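Just so we're clear, the structure is a prediction, and the values are computed from it rather than from any experiment.
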Amino acid sequence: MNPPGLEDLLTLLRFPSVSTSSAHRDDTRACALWLQNRLTTLGLTADLHETPGHPILVAKNKHLPGRRTVLLYGHYDVQPAEPLNEWLTPAFEPTIRDGRIYCRGATDNKGQLMAHVQGLTETLAQHSDLPVNLTILFEGEEEIGSPNLKPFLEAHRDLLACDVVAISDTGMVAPGVGTFTYGLRGIACLEAKVRGPSIDLHSGIFGGAIANPCTMAARLAASLHDPEGRVLIPGFYDDVRPLQDWERTAWQTLGDGDAETLALTGSPALFGEPGYTERERRWARPTAEVNGIGGGYQGEGSKTVIGKEAFIKLSFRLVPDQDPAKILAAAEAHLRAQLPPVVSLDIHLGHTGQPYLMDPHSTLGQAAQRALTKTFGGQIALIREGGSIPIVQAFADVLHAPTPLLGLALPDCQAHAPNENFPIENFIAGTRLNQYLLEELA
Ligand code: BES
Ligand code: ZN
């Protein structure tokens, strides 16, 4: 027997709502429409708001005076499923194996989002009412940096006014361990294109007399770090807020992070900024990453060519109090300073999201922790995450609401990778979590 709500989750998962892909624009919209209809069946008023990109869904129960207002945020878009040949079963056909649902979006974020919807469904079936004024905000552009959501918040402050924002789109440190995430890294993206000759050239005829764009792009990539992994962009660390003593101590009790990360990643060794543990590096220190590098000949065998251009795609993960715009400006200046004027450099600044940090010991943080304890029992892990949810700091800036992050993603959920999966057990736990959370926040 499938648990209540599972069929709905499987239906939601079948929409290939890949926000970055124009080929999936209609699928992404169909996904939003399905959710709108699903929320309407709960007796909520649910409206789709058009944006230049994918629609934003806002749903509400009847708001009554004197009640707390909780805004529940989630995203219905997903990352691309490629490389498709590495999926054991089709990426958009949810398949259950050993108690886990395998599908793109199973964890990030449709499984976690539907656990909330199922929690609401069960509370409404039992009590015909919710203990809070509820506003649901589901967007379809989180995986591309939420470009249209901040302007939407600014334009709809009254519609979205709330006391607290709740999100399940982060991790659990281990199966069955209630995990409270009180901080996220921010993000800033940049793409650099190195242009050399106006046409591809024979590398024997011209090699040695002109600069090779691939070599110059590699030089850019190599200029980002010292040999030990510190970022070399001048000013990069200026505004970094140091870790607090209590969190360094708390994170040491979470088990052997080194061994776990080696096992999860299959890397031969750990590598990173000296002076910090593996968790501190991932959760509370900023980074520069090369997400892509290319140019020249990529096909089979060899080809003696000097490609006319090459590119690198970079992203920076940021921590409080770094400012994404300031970091991008510093990065651009640094990259430009690396290359002699033998090639030209086009730099395109991409999307950004602020880092986020709240106090997990606040009254509200404690209420959220009680909901986790009721759901999972045992000790609650207090962590930060290395991933980004670009809109979260805007909830604080625009709506003046804190955001406890109560995630259900397991360390081996394979989010963004082939064979993404979500345990049915976590779907059931998430359903309970939603119910306890609304009670505690009320
Ligand atoms: N759910 C993730 C964020 C996340 C991942 C939080 C892991 C905690 C742990 C979210 O959907 C995501 O992937 N965000 C992107 C945002 C980016 C594309 C702007 C990210 O972090 O890369
Ligand atoms: Zn994601």
Are [X] and [Y] close enough for a salt bridge, meaning some N to O gap below 4.0 Å?
X: Glu247; Y: Arg384; value: yes
X: Glu273; Y: Arg230; value: no
X: Glu440; Y: Arg370; value: yes
X: Arg185; Y: Glu385; value: no
X: Arg241; Y: Asp321; value: yes

For the pair [X] (side chain) and [Y] (backbone), establish whether a donor and an acceptor sit closer than 3.5 Å, ignoring hydrogens and angles.
X: His156; Y: Leu159; answer: no
X: Thr170; Y: Gly407; answer: yes
X: Tyr297; Y: Glu300; answer: yes
X: Thr277; Y: Glu280; answer: yes
X: Asp226; Y: Gly229; answer: yes
X: His416; Y: Gln79; answer: no
X: Gln338; Y: Ser223; answer: no
X: Gln354; Y: Pro324; answer: no
X: Thr253; Y: Ala250; answer: yes
X: Asp163; Y: Thr69; answer: yes

In Å, rounded to the nearest 0.5 Å, how long is the span from [atom1] of [X] to [atom2] of [Y]?
X: Glu332; Y: Leu345; atom1: CD; atom2: CG; result: 8.0 Å
X: Ile210; Y: Lys308; atom1: CD1; atom2: NZ; result: 13.0 Å
X: Gln369; Y: Phe180; atom1: CD; atom2: CZ; result: 6.0 Å
X: Leu408; Y: Thr179; atom1: CG; atom2: OG1; result: 9.0 Å
X: Leu335; Y: Leu190; atom1: CG; atom2: CG; result: 6.0 Å
X: Glu228; Y: Phe271; atom1: CD; atom2: CZ; result: 8.0 Å

State whether the number of non-hydrogen atoms from other residues, nucleotides or ligands found under 6.0 Å of [X] atom [atom1] is greater than 12.
X: Asp26; atom1: CG; result: no
X: Gln379; atom1: CD; result: no
X: Lys313; atom1: NZ; result: no
X: Asp245; atom1: CG; result: no
X: Asp158; atom1: CG; result: no
X: His348; atom1: NE2; result: no
X: Arg68; atom1: CZ; result: no

Do Val164 and Leu71 have side chains that get closer than 4.5 Å, going by heavy atoms?
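Not in contact.
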For the residue pair Val231 and His225, establish whether any side-chain heavy-atom pair is separated by less than 4.5 Å.
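Yes; the side chains approach each other to less than 4.5 Å.
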Hey, do the aromatic rings of His75 and Phe138 have their centres closer than 6.0 Å?
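No, the ring of His75 stays outside the 6.0 Å limit from the ring of Phe138, centre to centre.
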For Trp246 and Tyr182, I'd like to know if the aromatic rings sit close, meaning centre-to-centre distance below 6.0 Å.
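Ring-ring flag for Trp246/Tyr182: true, centres closer than 6.0 Å.
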Without hydrogens or angle criteria, can the side chains of [X] and [Y] be said to hold a donor-acceptor pair below 3.5 Å?
X: Lys303; Y: Ser203; answer: no
X: Asn291; Y: Ser315; answer: yes
X: Gln112; Y: Thr107; answer: no

What heavy-atom pair brings [X] and [Y] nearest, and what distance separates the two atoms?
X: Pro360; Y: Leu382; result: CB-CD2, 4.2 Å
X: His54; Y: Gly140; result: CD2-O, 3.3 Å
X: Leu88; Y: Asn419; result: N-OD1, 2.8 Å
X: Glu420; Y: Asp108; result: OE2-N, 2.8 Å
X: Asn426; Y: Met172; result: ND2-SD, 3.6 Å
X: Leu372; Y: Ile380; result: CB-CD1, 3.5 Å

Run Ser168 and His116 through side chain to side chain donor-acceptor pair (under 3.5 Å) and show every step you take.
CA-CA 8 Å; Ser168 292; His116 281 286; 2.8 Å; yes
Can Asp239 and Lys326 be said to form a salt bridge (charged side-chain N to carboxylate O under 4.0 Å, His left out), step by step?
CA-CA 10 Å; Asp239 300 324; Lys326 199 171 153 188; 2.8 Å; yes
Check the angle between the aromatic planes of [X] and [Y] and answer parallel, tilted or perpendicular using the 30° and 60° thresholds.
X: Tyr73; Y: Phe395; result: perpendicular
X: Phe15; Y: Trp34; result: tilted
X: His49; Y: Phe152; result: perpendicular

Pair Tyr276, Arg285 - check side chain to side chain donor-acceptor pair (under 3.5 Å), show working.
CA-CA 9 Å; Tyr276 296 93; Arg285 297 295 298 169; 3.3 Å; yes
Report the C-alpha separation of Glu143 and Thr20 in whole Å, then their side-chain angles, then the decisive distance to 0.1 Å, and conclude whether the side chain to side chain donor-acceptor pair (under 3.5 Å) test is met.
CA-CA 8 Å; Glu143 299 290 8; Thr20 197; over 6 Å; no
Does the pair Asp27 and Arg14 meet the rule for a salt bridge (charged side-chain N to carboxylate O under 4.0 Å, His left out), with working shown?
CA-CA 10 Å; Asp27 298 318; Arg14 289 189 186 100; over 6 Å; no
Working note: Lys193 + Ser344, criterion side chain to side chain donor-acceptor pair (under 3.5 Å); need CA distance, chi angles, decisive distance, verdict.
CA-CA 8 Å; Lys193 201 160 238 176; Ser344 69; over 6 Å; no
Check for me whether Arg97 meets the cation-pi criterion with Tyr102, that is, NZ or CZ under 6.0 Å from the six-membered ring centre and within 45 degrees of the ring axis.
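Judged by the rule, Arg97 and Tyr102 form a cation-pi pair.
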